[in-house]
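Structure record follows, encoded as structure tokens.
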There are 2 protein chains.
Amino acid sequence: MAKNAAARGPTIRDVAALAGVHPSTASRALDASLPGRVAEPTASRVRAAAHALGYVPDPAARSLRTRRSGLVGVVIPDLTNPVLAPIVQGVEETLRAAGFGCLLADTDNDPAREASAIDELEARRCEGLVIATARRRSAAVERLAKRGPAAVLVTRGLDTGALPLVAADDAQGVAAAVRHLAALGHRHLAHLTGPRDLSTTVRRARAVRESAKALEPPDVDVVVHHGSGFTIADGRRLARALLSAHPEVTAIVAGNDMIALGCLDAMAGAGLRCPEDVSLVGHNDMPFVDRLEPALTTVAIPQRALGVRAAEVLLGRLAGEAVATEQLVLPTQLVVRGSTAPPPPAARRS
Amino acid sequence: MAKNAAARGPTIRDVAALAGVHPSTASRALDASLPGRVAEPTASRVRAAAHALGYVPDPAARSLRTRRSGLVGVVIPDLTNPVLAPIVQGVEETLRAAGFGCLLADTDNDPAREASAIDELEARRCEGLVIATARRRSAAVERLAKRGPAAVLVTRGLDTGALPLVAADDAQGVAAAVRHLAALGHRHLAHLTGPRDLSTTVRRARAVRESAKALEPPDVDVVVHHGSGFTIADGRRLARALLSAHPEVTAIVAGNDMIALGCLDAMAGAGLRCPEDVSLVGHNDMPFVDRLEPALTTVAIPQRALGVRAAEVLLGRLAGEAVATEQLVLPTQLVVRGSTAPPPPAARRS
DNA sequence: AGTCTGGTGGCAATCGATTGCCACAGATGG
DNA sequence: CCATCTGTGGCAATCGATTGCCACCAGACT
């Protein structure tokens, strides 16, 4: 039935036989990290034999003996969120260059699936994990600080800081957004964001509040609403509620670009124009938000670099570097586009 | 230096010892595909022992013995192309449900990287490959029809048809687009698309030509230009050249949505409005093109379903099903939005 | 009573690469 | 001239799970 050809390729014994040496010698000759362990003439004979046979070492056998799998797991909340694509690309490219393979797991934003994904990746003996799904408290993730493969978080961190985190400097970006809006003349801001159990949420919300308070003069007020997720639908719900409850608000700082998209929907539904009636700032500068109408003003994060740095930190740990649980912060930048403008002359009313 | 804890988990011998049986018996007791091979009381003792110890079989050891890795490679051209995200999601979810892990490889649209990615995935003993990067002729991919892991292509097929392909019915979608434009009154169409060495390109180009010819009356002419890729920049270049060389064209059928985005740029640069001056149809209905200004009329393909079906076909092959090299075609649908409209009253001139 | 059968479980080989230890040869030094 | 050292290569154990084969036992059947 099942074609059982299996066509096993050549093994190290075949190589050794062809080169006229013992398998162990062949193994050492092929191991680049043992220079000089095998005499050069012998080594090149072995290499030639390996090449002639098209020898490729069996990863299972190697892994069984060395206890290393050459695999890293990448856990992400939702691949269709465009902000993740460049991050994953950066991770994948960096890890591949270092000889690691990337096992992908999409959790669909479900903590239960996150936990099972981590278990599964661990069962597959991944040497490291890059996790972009962490909630502020998460038993499944926190355990990795003590037991299991080396782990690095991206974007979303733990409250305990028990694991290294590579994230963007949201606070700075959000503060720039608030100052930008204040300078345009807005006095009533809203911050619509995601669930409280994500570190990004609280970081950004705190930054909005504090940067508003720090304005000179401090005459800008902020209302903050939390949704249950970072999706367009969440943004729509939040904005709908906000616009009817707080007609004085003339500018919205969205927790991310997806929420901002939802805000645009809600504004359109309420007959409000952006930016003439309400200004809007997103977060992440995910691909294509510069092509919306209006083009979204947003806080740009170094997406690809986040992925690259996260992978680098992980590689450092795997190489046995200090086990510091560093929290790496990469710079952000406010990108002003068409969705922000001065408030309407007469602050709009209900 | 490197913390060498390695903290090996319990092995099947530990489980066997705790249950008071031989390791082989423990192995069989834990193998769900051997019902009845071990007496129930014994089996449940083994299961209890395994559970108590938190036993997880070592994939390397198992793989070494069984010659199966439980891994599938997924080769994609560019993760930041939003059309791929749902496809990869579908693949990943389906494979995971079947117990396979997904090794991701992004080739950045580079055939050389595709070849090395395939080699690498093969070296890792992937049991199957899902390939979304295939060119019409590709030694690296064609070889898989004879040797190497089972492979399934998505979206992009081989001329030889030597490997199964899961693709959308582009021809039907494109034909609908052409009829839609003709019905709006357009008589001069252009098709701007990607390189000729991709099957999607030729499928779509042929469909544009043939469906125009099949119109009644056949009074619509079509000019077809090929670019070097399926990117926004390619679309921009193509559209720029087209608009100056063919001022009579009032509607563009783009090879995909990325090219369509480039067309929008070029139109804006040339002072042309869409759809008032030039209508535009994209292809793929990738996420967010419904939110552009104008919202893009495009041919929707069942993105997620493509991924799911591709994974299913692969699973079928892995299960030893008939080795038919079926070419699976999933339905498409023209989604009419704001980027198509009747041509300007006086066909525009140079 | 003897043999057969089916149900269980144990034994040991096996998958393929790696590596600790040993052996041998030639070189060096006392 | 012998002892030691260094460079090179072989031997065999090892990683952990799986599985073909065999052995044993109880019950059934002739």
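Letters A, B, ... mirror the listed sequences (proteins, then strands); counts begin at 1. No hydrogens, no waters, no symmetry mates; every other heavy atom, side chains included, goes into these values. The shown structure was predicted, so the numbers you read here are calculated from the model rather than taken from an experiment.
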**Message:** With rounding to the nearest 0.5 angstrom, report the CG to CZ distance, B:Asp58 to A:Arg67.
**Reply:** 5.0 Å

**Request:** To the nearest 0.5 Å, tell me how far B:Thr155 OG1 sits from B:Ile131 CD1.
**Result:** 12.5 Å

Contact under 4.0 Å: [X] side-chain N or O vs [N] OP1/OP2:
X: B:Thr25; N: C:dG10; answer: yes
X: B:Ser27; N: D:dT18; answer: yes
X: B:Tyr55; N: D:dA17; answer: yes

**Of the listed nucleotides D:dG16, D:dA17, C:dT19, the one nearest the side chain of B:Arg62** =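 The answer is D:dA17, which lies nearest to the side chain.
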
**Item:** Selected nucleotide, minimal atom distance to B:Leu64 side chain, candidates C:dG16, D:dC11, C:dG10
**Value:**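 The nucleotide sitting nearest to the side chain is C:dG16.
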
**Request:** Starting from the 5' end of DNA chain D, give me the residue, B:Arg37 or B:Ala61, whose nearest nucleotide shows up first.
**Result:**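 The answer here is B:Ala61.
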
Can you tell me how far [atom2] of [N] sits from [atom1] of [X], to the nearest Å?
X: B:Arg124; N: C:dG16; atom1: CZ; atom2: C1'; value: 17 Å
X: A:Ile12; N: D:dG10; atom1: CD1; atom2: P; value: 12 Å
X: B:Asp14; N: D:dA17; atom1: CG; atom2: C1'; value: 13 Å
X: A:Arg13; N: C:dT14; atom1: CZ; atom2: P; value: 11 Å
X: A:Arg67; N: C:dA17; atom1: CZ; atom2: C1'; value: 14 Å
X: A:Asp31; N: C:dT18; atom1: CG; atom2: P; value: 7 Å
X: A:Leu30; N: C:dG16; atom1: CG; atom2: C1'; value: 14 Å
X: A:Arg28; N: D:dG10; atom1: CZ; atom2: P; value: 9 Å

**Message:** Tell me the closest heavy-atom pair linking B:Leu158 and B:Arg135, and the distance in Å.
**Reply:**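 Heavy-atom minimum between the residues: CD2-O, 3.2 Å.
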
**Asked** Minimum heavy-atom separation for B:Ser116 to B:Arg113, with atom names?
**Response**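 Answer, listing the atom of B:Ser116 first, then B:Arg113: OG-O, 3.2 Å.
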
**Request:** Would you mind telling me which residue lines up with the more 5' stretch of DNA chain C, B:Ser24 or A:Pro10, judged by nearest nucleotide?
**Result:**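 That would be B:Ser24.
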
**Request:** Nearest-nucleotide wise, let me know which of A:His22 and B:His22 is further upstream toward the 5' end of DNA chain C.
**Result:**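 Nearest-nucleotide comparison on DNA chain C picks B:His22.
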
**Request:** Could you tell me whether the side chain of B:Arg65 has a donor or acceptor atom within less than 3.5 Å of a complementary atom in the base of C:dT14?
**Result:**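 Side chain to base: pair present.
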
**Asked** Side-chain contact, heavy-atom cut-off 4.5 Å: A:Glu93 with A:Arg304?
**Response**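 A:Glu93 reaches A:Arg304 side chain to side chain.
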
**Message:** Students often get this wrong, so: under 4.0 angstrom with heavy atoms, is A:Ser63 touching a base, only sugar-phosphate, or nothing?
**Reply:** nothing

